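These notes concern the structure reproduced below.
Heavy atoms only: backbone and side chains are in, while hydrogens, waters and symmetry mates are out. Throughout, a chain's letter reflects where its sequence line sits, starting with A, and its residues are numbered from 1. Keep in mind it's a predicted model, so treat the numbers as computed, not measured.
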Amino acid sequence: MPRKPKAGAAARGAPERGPDEGWGRIYRVVAMIPAGRVATYGQIAALAGLPRQARQVGFALAALTGEPAVPWHRVINARGEISLGADTRSGRRQRGLLESEGVRFDANGRVSLAEFGWQQ
DNA sequence: ATTCTGACTTGGG
DNA sequence: CCCCAAGCCAGAA
């Protein structure tokens with residue numbers, strides 16, 4: 001079984017991305033957010049052990065393209081507002097999903113983090 | 001290999 | 001309340 005090896009391409013210092021590394025870690029934390037509650041990007045990053053990577057959380061969620069196992073709609077920005085435009089399809093869907101879980105939005109389109117924030 | 005782009009946060013003025 | 005700059009990572013072209 002001379003396999004014509006490539007000199008161990010994967011044996012190099014290639015960091016095997018497991019479910020507990022990278023974005024998998026983020027998805028895991030987002031999945032813990034209880035229904036009817038919201039968390040901020042920064043909060044997710046911190047809980048995932050990725051301080052200062054709030055931005056990365058947003059990118060991670062944007063990359064998942066619609067995985068039902070991840071309640072991405074429960075993640076909003078620190079201002080208590082949905083980061084997707086209220087005029088975008090996804091934005092409206094996010095708001096709709098949250099409202100269906102009991103989350104209330106004020107006239108400003110903002111959510112009270114003090115009231116609906118997860119673990120505050 | 002390099003460059004660009006994104007669902008953000010925080011601190012200061 | 002608004003605006004600006006820096007810190008951060010992964011994937012596509």
Write down the distance between [atom1] ([X]) and [atom2] ([N]), rounded to a whole number of angstrom.
X       : N      : atom1 : atom2 : value
A:Arg25 : C:dC9  : CZ    : P     : 15 Å
A:Gln56 : C:dA10 : CD    : C1'   : 6 Å
A:Ile82 : B:dC8  : CD1   : C1'   : 15 Å
A:Leu97 : B:dA7  : CG    : P     : 18 Å
A:Arg79 : C:dC3  : CZ    : C1'   : 11 Å
A:Tyr27 : C:dC9  : OH    : C1'   : 12 Å
A:Ile33 : B:dA7  : CD1   : C1'   : 13 Å
A:Ile26 : C:dA10 : CD1   : C1'   : 10 Å

Report, one line per pair, each donor and acceptor closer than 3.5 Å where one atom sits in a side chain of residues 48-59 of chain A; sequence neighbours left out.
none

Check whether the side chain of A:Arg55 and the base of B:dG6 form a donor-acceptor pair under 3.5 Å.
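No.
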Among all residues two or more places apart in sequence or in another chain, which pass the side-chain hydrogen bond (donor to acceptor under 3.5 Å, both in side chains) test with A:Thr40?
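Counting only residues at least two positions away or on another chain, A:Thr40 forms no side-chain hydrogen bond (donor to acceptor under 3.5 Å, both in side chains).
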Tell me whether the side-chain N/O atoms of A:Arg110 come closer than 4.0 Å to OP1 or OP2 in C:dC1.
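Indeed, a polar side-chain atom of A:Arg110 lies that close.
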For residues A:Ala69 and A:Pro71, report the shortest heavy-atom separation together with the two atoms involved.
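Smallest heavy-atom distance, with atoms named: O-CD, 3.5 Å.
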Starting from the 5' end of DNA chain B, give me the residue, A:Phe59 or A:Ile76, whose nearest nucleotide shows up first.
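The residue mapped nearer the 5' terminus is A:Phe59.
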Are A:Arg104 and A:Glu115 ion-paired here, with the side-chain N under 4.0 Å from a carboxylate O?
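No, A:Arg104 and A:Glu115 are not salt-bridged.
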Side chain of A:Trp23 only, heavy atoms from C-beta on: which candidate in B:dA7, B:dT10, C:dA10 is closest?
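Taking heavy atoms from C-beta onward, the closest nucleotide is C:dA10.
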Consider the side chain of A:Gln53, meaning its heavy atoms from C-beta on, and name the nucleotide among C:dC8, B:dA7, B:dT9 that approaches it most closely.
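Nearest to the side-chain atoms of A:Gln53, counting from C-beta on, is C:dC8.
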